[in-house]
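Predicted model, so just to flag it, every value in this text is computed and none were measured. Chain letters run A, B, ... following the sequence lines, proteins first and then strands; every chain starts at 1.
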Amino acid sequence: MSAIIEIRNITKEFKVLNRREGLKGSLKDLFSRDYKIVRAVDNISMTIEQGEIVGYLGPNGAGKSTTIKMMTGVLEPTSGEILVGGNVPYQNRTKNAQEIGVVFGQRSQLWWALPLIESFKLLKDIYQIPDKEYDGMLALYQSLVDIEPLLHKPVRQMSLGQRTLSDILAAFLHNPKIVFLDEPTIGLDVSMKAKIRTLIQALNREKHTTVILTTHDMGDVDALCRRIVIIDKGKMLYDNDMEHLKGFFGSYRTLKIRVDGDLKAHAEEIAKELPECSVSADEEWISILVDEDKATVMEVLGTLQTAHSIRDMQLQEISTEEVIKKIYEEGVQ
Amino acid sequence: MQKKGIRFYLRIYCKILAQDLKSKMSYRADFIISTVGMIFTNISGFVSFWILFRSFPSLNGWSYYEMLFLYGFSLVSITPVQCFFDNNWSLRQNVYSGDFIKYCFRPINLFFYYQSEVFDIKGLGQLAFGIGTLIYAWVKIGLPFSVLMLLKMTVFLLTASLVMIALQNAAAASCFWIENSFYVLDLVCRFKDYAKYPITIFSPVFRFIFTFLMPIAFIAYYPSLVVLRPDAVPLLSWLSPLVGIAFFFVSYKIWMRGAMKYSGTGS
Amino acid sequence: MKLKKYITLTRAGIIEALQFRLSFVVMVIGNLLYLIVVYFLWKAIYASAGTDVVNGMTFNDTLIYLVLATALFNFMEMYTVWEIGRNIQSGKIVLDLLKPMEYRKYLFWSYSGTFVTQFFLTFLPTFIVVSVVTHGAVPLGINLLYFVISVVMAVSINYSIDFLVGTICLYTESIWGINIMKQVIVLLLSGATIPLAFFPEPLRSAMYYLPFQSIYNAPLSLLLDGDPQPQTVLTTLGMQAMWCIFMLLLSKGFWKVSLRQITVNGG
């Protein structure tokens, strides 16, 4: 394996205009303006290997887009180093562009009025794709998705799902080393989401393309990513495998039980019996969050059975969504 | 990867153009209405011209037909900006909404890629009006005709068109720095209407301004003198092709610098 | 309170307009340039005419007329057609139609903030400068009152025409074509670019029977008439009032009919 993207300590700062409020403020703005410096990306480092699918996550305004813009050569970092396929992106934007593909969920880069096949032909010329490779790619596409009905349809007449699919196909067309996907499944229905995930996975497998995926949909992450990177307020919070993520706050599982009698009263009792677990109750269930590093679920269950008659039970794994939410809200200790 | 020369870009442009025209044909109503609008604009221009100058045999030493020649010249030389660089008008919108970012990821010249997206076919109507006027005025004035004259005319028209293109590029690029740049573009667009008057009607101060600061005089007046008054061609007329090329180059640099500075809006 | 919601829109408009200080500077420069060109052009025209009075107007009269016409244009241009067209294309119109206010009124009052700023920042300064520079060539008397009444009606007629033309955008996507046709016709036939007095005879009479001259020619001729005859004032204002009501009903009616059609067809 070889590193395709290397980022070392990059930081990006922006100058932002402070606007004053109200009518009086606007009048003041006419004559004097003050600016403040905002640090969108703060000292981030990472290395990405050829062929990886990396989920790049973070709440809105975390600095994801800024990082991606720096990797694609649109923005120059304020400080730090980036190498993409051995190039410094912002110094050689066009050369870098040849090696990457970019998809923005809601902004089609295809020619609006043209049928998809004509857009493909133009891209073939722009990226100087040899005939053989181009034909091979189209054949691959045909084997993966049903593109026949799309090829002769102008992009503007497509549904959002079809358009996203087309955009993804267009981004992979010149067989780039890296493809950046910015919220590729935003606004799509369930079946279209699944279709797009399968397509991305297949293309990654077939072409060994590195994929950097930003998304707010944990379904995308679960289906595609082996590794995730999380940033917030410009700072790196997490960079590791998906498996580690769930164990990140300890190995938590939620045990839900139903008992005879008043649930609230039982819950209070249980809380006393199991001081290492957090216990809550609603109308139907008593939820016990078990940290398996301290006590296994079976041990907990054993303790419970001695004092309470359990009528029903459920065991829940903590979901990616919950972990990510926890990270966004609490950060990493 | 081959080197991307002029031929590469020309081929791409022609292909995009061909596809674009094909797809435009499917919006016939828009095409017809826009063309009619363009014809209206030109007719109104002629009517205004006629109302103003019909009763005066000459204006400041310029005969009616010489004025008409200038008018025709300006119409032709502002056609390329209309036809090939119309996407400049959407630049502000694209930058404002953040859509401009999508143009930044292609391995070809950004300026070229952006402008190639739109070819404005209705400019051709203006071209027809302009050429018609030029020929009519040419005949009425009784200017001699030779291949050399035609060649000169072509070269000077083409380079003159670069001046307007340059002005518009620079004006459009202002959106990379300031928020409501529509007014800048609109202001420069109005220059088109002033290009048709002989610069001698202005006082020396404004002659200077319109020659060197806002080079409107290079859109029609100076370059047309080469054909219109071949006996007394001022130095500036001969220089006008260079001026056109220089201005275009500078405006291109400004545009690209703005685009590079551009960082997309947030998110 | 009913008035309050209108005032809120006005206030929001003022704040928005002030955000763009540069656009003011650019607009002032643009107008100055235009006026400079106009000044020298008409100076040349009067010089070659050889007489002080052309078509019953002196050079001063013409210039004051054109300067104030420009100021009036800046004040009245609302870009309504663009706004409606864009709202229709983007689908934002659906949201606007849901607002608890008639769309026609909503659009007008949203823009009214700009009206206020434009009036104080462009029209009034221009008027004062013109009055001072021309040493009282602009009569200051009862004619000011007639002028104000006339302008109010002109604004209304202008808006009605804009809204009427904007409604056409419900049927076609060609906003540019529609808008340019309207603009060309209104500017030429209203006397905004060339005073009506300069138009040749059959054309001039015809223009008096069209609504356009009520927008620029009517208020300006009332303003510049130092000794207004009751009969002239009454005819001018009466004619305006008639057009005002007629265009209002026409634009409202057309909007209503069009909207019903669109809703039925699910446009």
Please indicate whether [X] has more than 12 foreign heavy atoms, meaning atoms of other residues, nucleotides or ligands, lying under 6.0 Å from its [atom1].
{"X": "F40(B)", "atom1": "CZ", "result": "no"}
{"X": "R257(B)", "atom1": "CZ", "result": "no"}
{"X": "L242(B)", "atom1": "CG", "result": "yes"}
{"X": "K233(A)", "atom1": "NZ", "result": "no"}
{"X": "K207(A)", "atom1": "NZ", "result": "yes"}
{"X": "F249(B)", "atom1": "CZ", "result": "no"}

Got a second to check how far [X]'s [atom1] is from [Y]'s [atom2], nearest 0.5 Å?
{"X": "F104(A)", "Y": "D99(B)", "atom1": "CZ", "atom2": "CG", "value": "9.5 Å"}
{"X": "I108(B)", "Y": "T94(A)", "atom1": "CD1", "atom2": "OG1", "value": "10.0 Å"}
{"X": "S97(B)", "Y": "R107(A)", "atom1": "OG", "atom2": "CZ", "value": "6.0 Å"}
{"X": "Q19(B)", "Y": "K121(A)", "atom1": "CD", "atom2": "NZ", "value": "7.0 Å"}
{"X": "D125(A)", "Y": "C14(B)", "atom1": "CG", "atom2": "SG", "value": "11.5 Å"}

Side chain, backbone, both or neither: which part of Y113(B) has an atom under 4.5 Å from a heavy atom of chain A?
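Interface part for Y113(B): side chain.
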Ranking T72(A), I126(A), L123(A) by heavy-atom pairs under 4.5 Å to chain B gives rank one to I126(A)
Assert top hit (heavy-atom pairs under 4.5 Å, partner chain B, pool I100(A), L114(A), N60(A), N96(A)) equals L114(A)
Please name the pair of heavy atoms, one in V74(A) and one in F105(B), separated by the smallest distance, quoted to 0.1 Å.
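Between these two residues, the closest heavy atoms are CG2-CE2, 3.5 Å.
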For each of R106(B), K102(B), E117(B), K15(B), tally heavy-atom pairs with chain A at distances under 4.5 Å, and name the one with the top tally.
R106(B)
Do the side chains of R93(A) and M260(B) get nearer than 4.5 Å, heavy atoms only?
yes
